[in-house]
Amino acid sequence: MDERYDPKKIEPKWREEWEQCDLYRTREDPGRPKFYGLEMFPYPSGDGLSVGHLHNYVPCDVIGRYKRMAGFNVLHAMGWDAFGLPAENDAILKKLHPKQTVPRYAANFKRQLKLVGCAYDWSREINSSSPEYYKWTQWFFLLLYKRGLAYRALGSQWWCEKCRTILANEQVVNGCCWRHEDTPVSKKDLEQWFFKITAYADRLLSDLELVDWPEPIKLMQRNWIGRSEGAEIAFAVAGHPGKEVRFFTTRPDTVFGVSFMVLAPEHPLVAQITSPERRAEVEAYVAQARRQSDIERLSTVKEKTGVFTGAYAHNPFSGKDVPIWIADYVLMGYGTGAIMAAPGEDQRDFEFARKYGLEIPIVTAPADGSTAPTDRAFTEHGIAVNSGFLNGMRTAAAIAAVCQYVEQHGIGKATVSYRIRDWLISRQRYWGCPIPIVYCPKDGIVAVPDDQLPVTLPDMTDYQPSGTGRSPLANVPEFVNTTCPTCGGPAERETDTLDGFACSSWYFLRFASPHYDRGPFEPQAGNYWLPVDLYVGGAEHAVMHLLYARMWTKVMYDAGLINFVEPFPVLRNQGMIWAADGQKMSKSKGNVVTPDAMVEKYGADALRLWELFMGPFEEATNWNEEGVVGTARYLARVWNLVRRFVEAGCPEGRPAVETLRRAHKTVATVTDHVERMRFNTALAALMDQLNYLQRLTPAEQGRFAIESYVLMLAAMAPFVCEEFWRELGHTGSIHLESWPRFDTELTRDETLTVVVQVNGKVRDRLEVPADAGEAAVREMALRSAAVARHLDGKSPRKVIYVPGKLVSIVA
RNA sequence: GCGAGAGUGGCGGAACGGCAGACGCGCCGGACUUAGGAUCCGGUGCCGCAAGGCGUGGGGGUUCAAGUCCCCCCUCUCGCACCA
């Protein structure tokens with residue numbers, strides 16, 4: 001072996017060797033259990049990977065390697081989320097076709113991942129923008145369509161001036177476009193495709209119980225789905241026979257206290273019921289509400305505003321006619337776009353009523369008998385008062401009573417409302433998966449038959465958004481003009497493409513059988529490998545991607561395609577790596593550190609180790625290049641350890657009991673920490689053990705200590721450990737070896753250090769045999785000179801003994 | 001405003017309610033070397049010459065024992081934004 005550790009001499013050699021012998025090809029040995037580890041597949045950007053991205057890929061690679069060594073068939077593959085706005089925006093910016101840039105960027109990502117030694121089965125590489133892939137994305141669209149889960153609707157949709165396209169509700173951030181945070185969005189009316197995710201709201205909510213996910217992510221999903229129970233009730237509009245205001249309320253028990261109604265300004269009823277003398281004012285308000293940017297409209301610091309329509313609704317409970325107002329604090333997109341205002345029990349209604357001098361009846365009294373406040377709304381549950389037949393009932397009972405009443409009288413029903421809205425999947429964009437639908441003058445909306453898939457994205461040079469609201473595909477007659485699959489007559493293709501989240505809603509299945517051409521996945525392979533055993537990605541996908549993928553999975557389950565209901569039973573989020581300056585790593589800030597530069601300076605293994613060692617996997621931290629110096633130095637020390645051992649002829653050795661114990665303990669610790677993804681402490685245990693072994697001669701170390709050490713390190717530093725393994729006299733790859741085993745008996749200490757405390761302060765330490773009995777240890781503690789000194793002549797009042805740990809003496 | 005998470009040496013971070021600061025970086029001292037971002041040995045929370053004392057954002061509490069559990073407050077990060 002060379003005197004010095006030189007990653008440049010060994011890493012390229014093994015990289016090539018592994019490639020040649022296809023070392024990381026997935027094995028399907030029926031005698032072994034399976035493990036499917038998956039990282040959220042990336043959009044291959046032109047900037048390449050940074051060391052921040054590796055904080056996800058390297059730890060997952062370690063888990064994959066560990067599981068493989070621990071006896072699992074491991075599926076670990078990589079692919080590219082290549083369709084979508086980022087690729088199209090990049091193409092427009094650089095004036096290069098995404099068909100050219102995507103493969104180039106993907107190849108660069110792949111090169112970088114290989115550079116740092118990530119073990120993927122590249123024969124399973126997938127690309128969501130390839131026809132072989134998106135054929136099945138289209139197939140899934142049709143599956144949803146056939147199951148009544150895809151529909152067209154005219155909607156007032158968000159429009160971003162910069163993207164020149166429609167945005168989903170989820171893509172509107174603080175009233176601005178998610179990609180252009182300085183560009184307020186406006187509304188545009190277009191006919192769009194939607195997926196009926198609301199039909200799955202309840203299951204998406206309740207099945208969260210089934211998964212092992214970070215609690216904050218589950219919570220975000222629960223809040224996003226936003227289930228609330230209540231009642232939907234209709235009040236007749238006075239003087240407008242047949243017209244009624246339908247509204248949803250979570251507090252039907254406060255219905256006797258309804259002193260006014262509020263409609264969203266966009267509510268269709270507004271135009272119909274506004275009285276002539278109010279019309280001018282109402283129209284002005286509606287116009288300004290529509291014109292307002294959402295930043296202004298959603299601001300909570302803003303005082304509530306509204307105008308009276310001049311119309312009244314009849315409250316059948318109180319018997320009063322109450323005024324109907326419009327206000328922008330009522331949203332058309334939630335519930336029915338109308339509310340009953342119970343200002344005594346709702347703070348927003350209270351503020352509104354106060355401002356406009358509306359009546360504030362009190363219909364709920366505190367259950368403890370105190371008086372309801374008058375300076376704010378009483379929003380808690382209590383006892384119904386001033387409420388006719390509800391008087392004296394507790395809130396829960398009153399809610400049930402009102403629900404029963406409205407159902408009996410045919411004016412409403414108990415119901416559940418969700419915050420989540422249907423998923424808008426139409427994109428008026430070129431670089432996406434074409435929606436496989438044909439419009440026929442005779443047959444209407446016709447699904448493209450399965451055997452005519454894929455509907456191929458045409459080659460075109462001018463794919464700039466038209467700005468008219470239609471996709472650039474509308475400008476390609478060869479694409480648009482087709483024949484109706486049903487009648488054979490002339491027809492037109494849908495020109496919208498699918499939201500990129502559609503592509504990522506099923507890709508995890510494709511890895512099971514990436515080249516299968518008779519379906520999206522080969523059923524046996526799908527049911528063998530799925531669900532994903534460990535899914536890892538950033539917390540930024542907490543709601544959109546993870547909800548959509550869960551929904552598709554449930555649709556597939558309902559269609560009998562798969563036998564599981566949750567695609568990702570175990571989810572972990574890696575922590576964000578900020579640049580050294582604490583900011584986000586970005587090219588524009590000039591603070592990006594690339595793996596290429598780090599590998600060049602310190603080697604891939606040292607970079608990997610620092611990615612693992614810099615902090616807990618799930619926590620954010622700042623990049624610090626100094627750390628890589630440390631891990632490179634550590635590897636040089638391991639190199640010296642192994643070199644001395646090899647030069648001594650790899651002696652079987654006669655390790656002392658203590659040495660054997662340390663070796664077995666290290667295996668136990670590292671195994672446990674890797675299993676729990678505590679890579680930083682796993683590596684710390686290895687460093688600690690190195691410090692110990694370094695002081696021994698090769699014969700004192702013995703073969704087990706050295707080989708088990710190298711085997712464990714191999715999952716983290718694959719290149720140098722492959723070199724070690726061969727130098728240690730083995731012919732095969734270390735990466736096909738088994739994870740070392742430890743003997744629990746051998747990890748047991750012979751003596752323990754017992755701490756002796758007097759009044760909570762450590763005053764002495766005792767070395768006691770591991771099997772010493774309680775009485776003996778207590779006696780030793782009380783005999784201690786240090787203890788006597790601190791007892792100061794007093795006799796102990798109490799002595800607490802924690803076996804093997806401490807004796808606490810209270811004087 | 002609501003929700004979630006986090007505050008520990010100069011720095012990254014360790015620590016089933018039981019010796020706070022493992023491991024590493026940095027720094028200090030030494031050894032060996034004619035340059036190599038080398039290696040090895042020792043030291044390194046703060047105050048103190050010492051015995052000893054003080055220390056996990058601040059303040060209370062529970063406990064023989066609190067970084068860890070409970071209450072109040074401060075700061076930072078992330079998520080959500082009037083959800084009827």
Side-chain angles (χ1 to χ4, degrees), chain A residues 3-5 173-175 214-220 222-224 226-228 230 247-251 254 262 264 294 297-302 304 327-331 333-342 345-349 351-352 417-420 539-540 542-543 576 578 582 601-602 609-610 613-616 618-634 636-637 640 678 680-691 694-695 753-765 796-802 804-811:
Chain A
E3 186 77 13
R4 286 188 47 230
Y5 167 55
V173 181
N174 290 331
E215 215 40 58
I217 302 288
K218 285 194 186 187
L219 192 73
M220 275 190 247
R222 287 193 188 104
N223 291 341
W224 192 265
R227 181 183 202 271
S228 44
F247 59 88
F248 174 75
T249 175
T250 54
R251 289 290 302 275
T254 62
V262 188
D294 265 33
R297 184 152 168 192
L298 294 177
S299 165
T300 43
V301 292
K302 193 193 71 170
K304 293 188 183 1
D328 57 13
Y329 80 91
V330 174
L331 309 173
Y334 182 76
T336 62
I339 61 162
M340 64 172 218
E345 286 73 31
D346 184 286
Q347 188 60 25
R348 293 154 306 182
D349 299 344
E351 287 165 23
F352 193 82
S417 185
Y418 297 93
R419 199 195 84 115
I420 192 172
E540 68 273 16
V543 277
M576 183 84 187
W578 307 101
K601 276 169 106 170
Y602 310 101
L609 291 190
W610 180 239
F613 191 61
M614 60 196 297
E618 305 203 24
E619 276 166 40
T621 191
N622 291 4
W623 176 254
N624 173 13
E625 190 177 323
E626 295 293 297
V628 194
V629 179
T631 52
R633 198 178 293 161
Y634 159 74
R637 285 202 295 270
N640 286 332
R678 307 292 300 267
N680 55 332
T681 50
L683 190 49
L686 284 171
M687 287 174 170
D688 211 17
Q689 172 69 347
L690 172 69
N691 292 340
Q694 255 182 171
R695 293 195 295 264
T753 305
V754 173
V755 170
V756 185
Q757 294 183 341
V758 177
N759 290 334
K761 286 193 190 298
V762 178
R763 297 304 184 185
D764 202 1
R765 293 183 172 80
R797 279 192 294 133
K798 194 171 170 187
V799 180
I800 292 135
Y801 175 64
V802 180
K805 286 264 173 65
L806 92 165
V807 178
S808 182
I809 300 167
V810 189

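Throughout, a chain's letter reflects where its sequence line sits, starting with A, and its residues are numbered from 1. Bear in mind that the values here come from a model prediction, so they are computed numbers and not experimental data.
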With the side chain of A:Arg765 defined as its heavy atoms from C-beta on, choose the nearest nucleotide among B:A84, B:C19, B:C82. B:C19
Report, as a single string ordered 5' to 3', how protein heavy atoms within less than 4.0 Å touch nucleotides 26-42 of chain B: B base, S sugar-phosphate only, - not at all. S----------B-SS--
Would you say A:Asp346's side chain and A:Asp349's backbone share a donor-acceptor pair under 3.5 angstrom? yes
Is the shortest side-chain N to carboxylate O distance from A:Arg222 to A:Glu215 below 4.0 Å? yes
Describe the nucleic acid contact of A:Ser228 in one word from base, sugar-phosphate, nothing, applying a heavy-atom distance below 4.0 Å. sugar-phosphate
A:Trp224 side chain: which of B:A81, B:G18, B:A84 is closest? B:A81
Over how many whole Å does the gap from A:Arg222 atom CZ to B:A4 atom P extend? 12 Å
Could you work out the separation of B:C19 and B:U56 based on their C1' atoms and round it to a whole Å? 15 Å
Candidate list A:Ile809, A:Leu806, A:Val762, test side chain to side chain contact (heavy atoms under 4.5 Å, CB included), partner A:Val756, passing option: A:Ile809
Spacing of the P atoms in B:G7 and B:U68 (rounded, Å): 11 Å
Think A:Arg419 has a side-chain N or O under 4.0 angstrom from the OP1 or OP2 of B:A84? no
Letter by letter from the 5' end, nucleotides 9-17 of chain B scores (B base, S sugar-phosphate only, - none; protein heavy atoms under 4.0 Å) ---BSSSB-
RNA chain B stem ranges, 3 or more consecutive Watson-Crick or G-U pairs under 3.5 angstrom: B:1-7 with B:74-80, B:10-12 with B:23-25, B:26-31 with B:39-44, B:45-47 with B:52-54, B:57-61 with B:69-73
Say you pick atom C1' in B:U44 and the same atom in B:G24; how far apart are they, in whole Å? 14 Å
Once the angle between the rings of A:Phe352 and A:Tyr329 is folded into 0 to 90°, is it parallel (under 30°), tilted (30 to 60°) or perpendicular (over 60°)? tilted
With sugar-phosphate meaning primed atoms plus P, OP1 and OP2, does A:Gly630 contact a base, only sugar-phosphate, or nothing at under 4.0 Å between heavy atoms? sugar-phosphate
In whole Å, what separates the C1' atom of B:A20 from that of B:G29? 27 Å
Any donor-acceptor pair under 3.5 Å linking the side chain of A:Trp610 with the backbone of A:Asn624? yes
Using the P atom as the reference point in each nucleotide, state the distance between B:G57 and B:A14 in Å, no decimals. 15 Å
Whole-Å gap separating C1' (B:A84) and CZ (A:Phe248): 8 Å
A:Lys761 vs B:C54: side-chain N/O to OP1/OP2 distance below 4.0 Å: yes
Residue A:Asp328, side-chain heavy atoms: nucleotide from B:C82, B:A84, B:A22 that is nearest: B:C82
Any base atoms under 4.0 Å from A:Asp688, or only sugar-phosphate, or nothing? Heavy atoms, all strands. sugar-phosphate
Note: for A:Glu215 and A:Lys798 on RNA chain B, the residue whose nearest nucleotide lies more 5' is A:Glu215
Regarding A:Arg763, tell me which of base, sugar-phosphate or nothing describes its non-hydrogen contacts under 4.0 Å with the strands shown. sugar-phosphate
Expressed in whole Å, how much space separates the C1' atoms belonging to B:C47 and B:G37? 37 Å
Between B:C80 and B:G13, how far apart are the two P atoms, rounded to whole Å? 25 Å
Distance, C1' atom - from B:C2 to B:A81, rounded to whole angstrom: 9 Å
In terms of the nearest nucleotide of RNA chain B, which residue is placed more toward the 5' end: A:Leu219 or A:Ile800? A:Leu219
Would you classify B:G9 as syn or anti? Syn applies when the glycosidic angle is within 90° of 0. syn
